[in-house]
Amino acid sequence: MTSSPSRSGVFQAATDKRLEAFSESISFDHRLYPQDIRGSLAHARMLCQQGMITQEELAQIENALAEIGGQLDRGELPLRQELEDIHMHIEQALIERLGDVGRKLHTGRSRNDQVATDLRLWTREAIDRLDQSLLALQRAFLSRCQRDQDVILPAYTHLQRAQPVLAPHYWLAYVEKLARDRQRLADCRRRVNVCGLGAAACAGTSLPIDRQATARELGFEGVAANSLDISSDRDFVLESAFVLALIATHLSGWAEEWILWSTVEFSFIKLPQEFCTGSSIMPQKINPDTLELTRGKAARVIGDLQTLFILVKGLPLAYNRDLQEDKPALFDAFDTVQAAVDLAAPIVEGAELNRVSIAARLEKGHLDATTLMELLIKRGFPQRTAHHLVGSLVATANQHEVTLSQLTLEQLQAVHPDLDRSLTSALGVVQAVKAYQSYGSSNPEQVADQIARWTAQLQ
Ligand code: ARG
């Protein structure tokens, strides 16, 4: 009546075609096939070790699974909606080849623990792949530090010119953010790397399986201690999606910054043309589409996280079919972030700072005002007084369209009789950068130390 191996003798009616179309997951879970085959091999070996299938049967299963894997690699296994998911496709292909021997593979196993295990294996690999790409992106930022070591940029707060910093101080800010992203991925990976195989449907099994053996074979660090919990647990999916959403958010902020910097108004940076697009009507345009999409696609990833929260928030223990919907969101989040990180690295490497135009405007906006205030503090003025006096000096400078270092003795003393020109010799962005002392600041020696630390760490 039906070819689905999951439809037992209890059924007296065939599945409605509309349900088949509504409930299939093969259109997205086919990508779990390498993990499903690995999991099935580990399970079959354990069944043999425990005496539930013979050596001969195991050999047949191993060979047939290798063949089916090859067919899937080459896109030769027809995907059929009525077989619902990748797990049933592979099992059905096995049964078609081996008959009753194929029918033994599912001994002591349920699709509930199978699907969760496959997804953990997939997520572990996806984390490792993404970690390598994040490392490459960190290295791309770090490699700019040598190239741009003498460039001073304005730092902004509220997108208003604030204080001068070395360009490498900017690059290392992103290296730090990415380092935390990688820590979060590594931490999340520990909870991904737990084996649920053998939880069966929800309560375990009365068959003599060896869960430690399958966990070991699949490289899991631990064996889940509660079958109800682990067959329903999707914390690892949500955690991964959170880490991905945060990475996407970091990339989005960087993309926004470089989009601004690449405008004529800022003219700080020239983006590599391989990653820009043109306009169909305005011939002069070189548009930063990669960065815009990096910013735009962050919305999708944050949406994926939200989807997952809403998906699981009302589920009682243990497996519920809703959980099938976890995969499109998780896959999309990983695919989107992986692609964005892989595009970010060559953009970071290939961009050029417009040194001349940056330098030409660096003394605009009184980036050294805070340095001047701190000089006054060192000369004994209380901070609030110094803050107020420098504000008045900025007003004078603005009025005469000069920099703080160009203020005359008369202009200084009109603000306070104790001020003199010796103050102004310590001004200008170069001096201001040198004046920083605190740990983590943009002081050139501090920055050099940080570059050395990261160079050692990221090799
Ligand atoms: N296609 C399902 C999924 O991905 C497989 C698990 C089905 N289990 C079940 N008891 N119907 O979640």
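Numbering of ligands and ligand atoms starts at 1, following listing order. What's counted below: heavy atoms across the whole structure, side chains too, no hydrogens, waters or symmetry copies.
Closest to atom 11 (N) of ligand 1, if we only count protein heavy atoms, is Arg111 NH2, 3.6 Å. Scanning the protein heavy atoms around atom 2 (C) of ligand 1, the nearest turns out to be Gln324 OE1, 3.3 Å. In this structure, atom 6 (C) of ligand 1 lies nearest to the protein heavy atom Tyr319 OH, 3.3 Å.
Rounding to the nearest 0.5 Å gives a distance of 5.0 Å between CG of Leu291 and CD1 of Ile259. Here CG of Leu32 is found 13.0 Å from NE2 of His89. Values are rounded to the nearest 0.5 Å. Interatomic distance, CG of Asn112 versus CG of Leu197, reported as 11.5 Å (0.5 Å rounding). The NE2 atom of His366 sits 10.5 Å away from atom NZ of Lys364, with the distance rounded to the nearest 0.5 Å.
Under a 4.0 Å criterion applied to the non-hydrogen atoms of Glu84, ligand 1 contributes the atoms 1 (N), 2 (C), 5 (C). Near Ser25, with a cut-off below 4.0 Å to any heavy atom, the atoms of ligand 1 are 1 (N). Close contacts between ligand 1 and Asp85 involve ligand atoms 1 (N), 2 (C), 5 (C) [criterion: under 4.0 Å to a heavy atom]. Atoms of ligand 1 lying under 4.0 Å from any heavy atom of Asn112, numbered from 1 in the order shown and given with element: 8 (N), 9 (C), 10 (N). Less than 4.0 angstrom separates some heavy atom of Lys327 from each of these atoms of ligand 1: 4 (O). Atoms of ligand 1 found under 4.0 Å from any heavy atom of Val115, numbered from 1 in the order shown, are 4 (O).
Taking the six-membered ring for Trp, Trp122 and Phe331 have ring centres closer than 6.0 Å.
Using a cut-off of 4.0 Å between Lys/Arg side-chain N and Asp/Glu carboxylate O, Arg355 and Asp148 are scored as salt-bridged.
In this structure, Phe268 and Tyr156 have tilted ring planes: the angle between them lies in the 30° to 60° band.
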